[in-house]
Amino acid sequence: MKSLIQLPHPIPSTQTVVTQPVPLHRLIDQLMVGLLPLVTGKKSFIINDVDQTFQLQADEDLLAYVLGNLLSGAINGTENVCIRVEAVCNKEGVHIRVRNNGSYFYSTVSNGFSHVVQAARQLGGNISIYNQHNEGTTLTFSMAAPVQTYC
């Protein structure tokens, strides 16, 4: 069974926030440390595949909230899996993916997710969820171009 849920497109914010570039690899590492007790309790592990030079112009606290919730959802919904985080920068924008190696955890992630979607919108992005039975689940936080990045 395949399913793809594309949550609504972002609503542009009327506020302008001056932000510093966020080193994405470092941010993911910090989130992983905070989630370590949960990860080990689920007998799983996380791999940070984000390039160490990748930086994203965004509100760091809001970005940490969105990515932390994506990671937490991936961990809570599975056991004995590898969870991989990667970032891709292309002409469409930036895509930060949290995916696992075979577990299907859509129902866990989609419950109570409205605050995370709202935070993603405040960053000018959206969240999509892709499930493939026996292939796993991928959560993607996307920010459309133009986004100032260093990748």
Side-chain angles (χ1 to χ4, degrees), residues 1-8 10 17 19-90 92-144 147-151:
M1 173 182 170
K2 286 186 183 181
S3 64
L4 176 65
I5 295 179
Q6 182 71 37
L7 301 174
V17 178
T19 58
Q20 296 296 318
V22 177
L24 195 56
H25 185 90
R26 177 192 52 80
L27 178 62
I28 297 298
D29 276 351
Q30 290 172 340
L31 293 170
M32 288 169 47
V33 168
L35 293 167
L36 192 57
L38 181 60
V39 172
T40 56
K42 293 286 192 167
K43 299 180 177 114
S44 297
F45 61 97
I46 302 173
I47 297 174
N48 184 352
D49 271 342
V50 176
D51 187 287
Q52 293 200 17
T53 61
F54 194 106
Q55 295 187 41
L56 182 60
Q57 192 80 27
D59 179 309
E60 186 168 0
D61 292 335
L62 206 50
L63 184 61
Y65 177 77
V66 170
L67 298 179
N69 274 280
L70 294 183
L71 282 167
S72 180
I75 296 163
N76 279 320
T78 59
E79 283 193 19
N80 300 313
V81 296
C82 169
I83 298 165
R84 188 173 301 271
V85 182
E86 62 188 2
V88 177
C89 183
N90 57 32
E92 286 86 35
V94 175
H95 309 281
I96 303 168
R97 297 185 187 112
V98 176
R99 59 187 172 94
N100 69 13
N101 64 344
S103 294
Y104 186 76
F105 62 94
Y106 161 73
S107 61
T108 304
V109 171
S110 63
N111 293 331
F113 215 54
S114 63
H115 288 93
V116 179
V117 171
Q118 182 179 7
R121 287 179 182 165
Q122 287 177 348
L123 288 167
N126 62 34
I127 296 173
S128 61
I129 304 170
Y130 175 78
N131 289 291
Q132 174 73 34
H133 189 62
N134 294 327
E135 288 186 29
T137 301
T138 301
L139 303 169
T140 304
F141 170 60
S142 301
M143 295 174 70
V147 174
Q148 184 178 0
T149 58
Y150 306 92
C151 48

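For the single chain, residues carry numbers from 1 onward in sequence order.
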Taking all heavy atoms of [X] and all of [Y], pick out the closest pair and write down the distance.
X: I28; Y: L67; answer: CD1-CD1, 3.9 Å
X: V22; Y: A58; answer: CG2-O, 3.4 Å
X: F141; Y: G125; answer: CE1-CA, 4.0 Å
X: N90; Y: H95; answer: OD1-NE2, 3.6 Å
X: M143; Y: L123; answer: CE-O, 3.1 Å
X: L27; Y: E60; answer: CD1-OE2, 4.1 Å

Would you say [X] and [Y] make side-chain contact, with heavy atoms under 4.5 Å?
X: N48; Y: H25; result: yes
X: H115; Y: Y65; result: yes
X: L56; Y: I96; result: yes

**Request:** Test side chain to side chain contact (heavy atoms under 4.5 Å, CB included) on I75 and S44 and set out the steps.
**Result:** CA-CA 8 Å; I75 296 163; S44 297; 5.8 Å; no
To the closest 0.5 Å, what do you measure between [atom1] ([X]) and [atom2] ([Y])?
X: I46; Y: R84; atom1: CD1; atom2: CZ; value: 12.0 Å
X: Q118; Y: L62; atom1: CD; atom2: CG; value: 9.5 Å
X: L139; Y: I127; atom1: CG; atom2: CD1; value: 8.0 Å
X: N76; Y: K42; atom1: CG; atom2: NZ; value: 5.5 Å
X: R26; Y: L31; atom1: CZ; atom2: CG; value: 9.5 Å
X: I83; Y: N100; atom1: CD1; atom2: CG; value: 6.5 Å

**Check ion pair E86-R97 (N to O, under 4.0 angstrom)** =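 A salt bridge links E86 with R97.
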**S72 side-chain N/O to G68 backbone N/O, donor-acceptor pair under 3.5 Å** =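 No.
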**Message:** Test your reading of the model: is there a side-chain donor-acceptor pair from N101 to the backbone of V81, 3.5 Å cut-off?
**Reply:**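 Flag not set: sc N101 to bb V81 has no pair under 3.5 Å.
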**Item:** CA sep, side-chain torsions, deciding dist, call: L71, V39, side chain to side chain contact (heavy atoms under 4.5 Å, CB included)
**Value:** CA-CA 10 Å; L71 282 167; V39 172; over 6 Å; no
